[in-house]
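One structure is given here, and the rest of the page talks about it.
A quick note: this is a predicted structure, and the numbers were derived from the prediction, not measured. Naming: A, B, ... by sequence-line order, numbering from 1 per chain.
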Protein chains: 2
Amino acid sequence: MTTSTNSEAGNKLICTVDVVLLSLSEGQLRVLLLKREREPFAGAWALPGGYVHIGEDQGCEDAAQRVLRQKAGLESPYLEQLASFSGPARDPRGWSVSVAYFALVPHPEEALPGQQWLPVDRLPQLPFDHGSIVATAVERVRSKSQYSSLPVHLCPEPFTISQLHAVYETLLGEPINTVSFRRKLDELAILEPVVGEKRTEGAHRPAQLYRVRAEFRQRLRLVGRGLNR
Amino acid sequence: MTTSTNSEAGNKLICTVDVVLLSLSEGQLRVLLLKREREPFAGAWALPGGYVHIGEDQGCEDAAQRVLRQKAGLESPYLEQLASFSGPARDPRGWSVSVAYFALVPHPEEALPGQQWLPVDRLPQLPFDHGSIVATAVERVRSKSQYSSLPVHLCPEPFTISQLHAVYETLLGEPINTVSFRRKLDELAILEPVVGEKRTEGAHRPAQLYRVRAEFRQRLRLVGRGLNR
DNA sequence: ACAATAGTGTCTGTCAGACAATATACA
DNA sequence: TGTATATTGTCTGACAGACACTATTGT
């Protein structure tokens, strides 16, 4: 067994980024998977990802934004570093480090060819360790939803309080008191009302529309004592 | 400008780990710095860190444990992944990714030669981006202290509730209600009393000694609604 | 008018913080 | 006995959850 030295040829280390792009549709949290065009795992559905381009990227977050732009056509969704995954076996090409990010977007109209939005609770086996990466991201998002404004990034603007309420309930998997929810949103002061109103299907009072205030478009807001659940 | 390709020679990517080892002494949160023996920044005080050894390490966490063992002589403190730091400029040797970890230990008797424990609030300029890494770690630890059992790893066992209380107050920087604190510890059920008792300096009732229950030596315990402050 | 959802006002139980009482050591 | 800190018991204010009431639309 060779005593490993710093970073010599022959035993190259691979460095990639992977992005867990999440969205909400049909009452389910879904993740974007792409059909891989190259080996390894060509033809399999996997997370969007790619090599860090050291001539081009100013950091791994840059690389993640580039991957999102090039492979999912997205410009600047809410993006946050998740964790790094590493080891000799996770990628058949060799010892690898993947810096994983997660991003949240309102659900797009339709998936492009080679794209698929699958419910995170019913995923097939994924290549590499993408299964664990998705699981980690989902856990993080559900956890942060308990005490932050993170989920607003899943709502297409403008949205009603009821819509946002439903989003939180889906993520947390249990009912949230509507009165408390409104109170919290008030305290947080991340939303601003939009002039127009909105009417739902049926015959009832229309709901005020809101959008996220610019200051919180990229930054989160943490709540003092959670949503209290 | 070259269109960057995957990971060809000439433009090698560097992959390292860095560890923010934290401890509490004289009422201050302190970080371990080591005098660098090699370039770059030979002679400067910096975080313990090193290359990932792909022939030896089973992952970056392994590498971090190895660094702690070899450079600080520690066996298995509480260790958690912090974040990854990357970019073309953070390391003069080239485009680099560092997977950073933080670890908590009771303050050791004395620093070995070439080691130094400096207060995190009064650090000099550090090489690389070690200043940001430490800042991120401190923020994470302070934040987690609000709602988890993380700080127990800073107390030399066995310890009294009063000691632990002081640790929390130091980390959070404000007084914590003693009654609430005891109640929370009770709920958490992470501590178990040790047979012997302890007497402090003066003349007063001795305090019960506790240690962390084995189940929580490596895992954290989260509190429902924080320590409520 | 009726149905249905949006939004608000008010009461109640729970829990963190304050305060006070008790416990137990050494001097 | 006196002093100092540990530990426990009890009261109180703040706030989340429940409930009920008002608002506003289409049918």
By the ring-ring contact (aromatic ring centres under 6.0 Å, His included) test, which pairs, at least two apart or in different chains, include something from residues 63-86 of chain A? A:Tyr78-A:His153

Atom NZ of B:Lys198 and atom P of C:dC26: how far apart are they, to the nearest Å? 15 Å

For atom CD1 of B:Ile176 and atom P of C:dA18, their distance in whole Å: 12 Å

Is A:Lys184 near enough to D:dA16 that one of its side-chain N or O atoms lies under 4.0 angstrom from OP1 or OP2? yes

Salt bridge or not for B:Arg90 and B:Asp18, using N-O below 4.0 Å? yes

Quick one: do B:Arg142 and B:Glu139 make a salt bridge, cutoff under 4.0 Å? no

Salt-bridge test for B:Glu157 and B:Arg217: reply yes if a basic N is under 4.0 Å from a carboxylate O, no otherwise. yes

Roughly, in whole Å, what's the span from CG in B:Leu191 to C1' in D:dT7? 15 Å

Could you tell me the separation between the CD atom of A:Glu187 and the P atom of D:dC15, rounded to a whole number of Å? 8 Å

Can you tell me how far P of D:dT10 sits from CZ of B:Arg183, to the nearest Å? 13 Å

Which pairs, protein N/O on one side and nucleotides 4-8 of chain C N/O on the other, fall under 3.5 Å?
{"from": "C:dA4", "atom 1": "N3", "to": "A:Ala203", "atom 2": "O", "distance (Å)": "3.2"}
{"from": "C:dA6", "atom 1": "OP1", "to": "A:Ser162", "atom 2": "OG", "distance (Å)": "2.7"}
{"from": "C:dA6", "atom 1": "OP2", "to": "A:Ser162", "atom 2": "OG", "distance (Å)": "3.3"}
{"from": "C:dA6", "atom 1": "N3", "to": "A:Arg205", "atom 2": "NH1", "distance (Å)": "3.1"}
{"from": "C:dG7", "atom 1": "OP1", "to": "A:Gln208", "atom 2": "N", "distance (Å)": "2.8"}
{"from": "C:dG7", "atom 1": "OP2", "to": "A:Arg182", "atom 2": "NH1", "distance (Å)": "3.3"}
{"from": "C:dG7", "atom 1": "OP2", "to": "A:Arg182", "atom 2": "NH2", "distance (Å)": "3.0"}

Between B:Glu215 and B:Arg221 (salt bridge meaning N to carboxylate O under 4.0 Å), is one present in this structure? no

Distance, rounded to the nearest Å, where A:Asp186 contributes CG and D:dA16 contributes C1': 15 Å

Hey, mind stepping through B:Tyr168 and B:Phe181 against ring-ring contact (aromatic ring centres under 6.0 Å, His included) and telling me if it holds? CA-CA 10 Å; B:Tyr168 271 86; B:Phe181 186 71; 5.1 Å; yes

Find which nucleotide of DNA chain C each of B:Asn177 and B:Arg199 is nearest to by heavy atoms, and output the residue with the more 5' nucleotide. B:Asn177

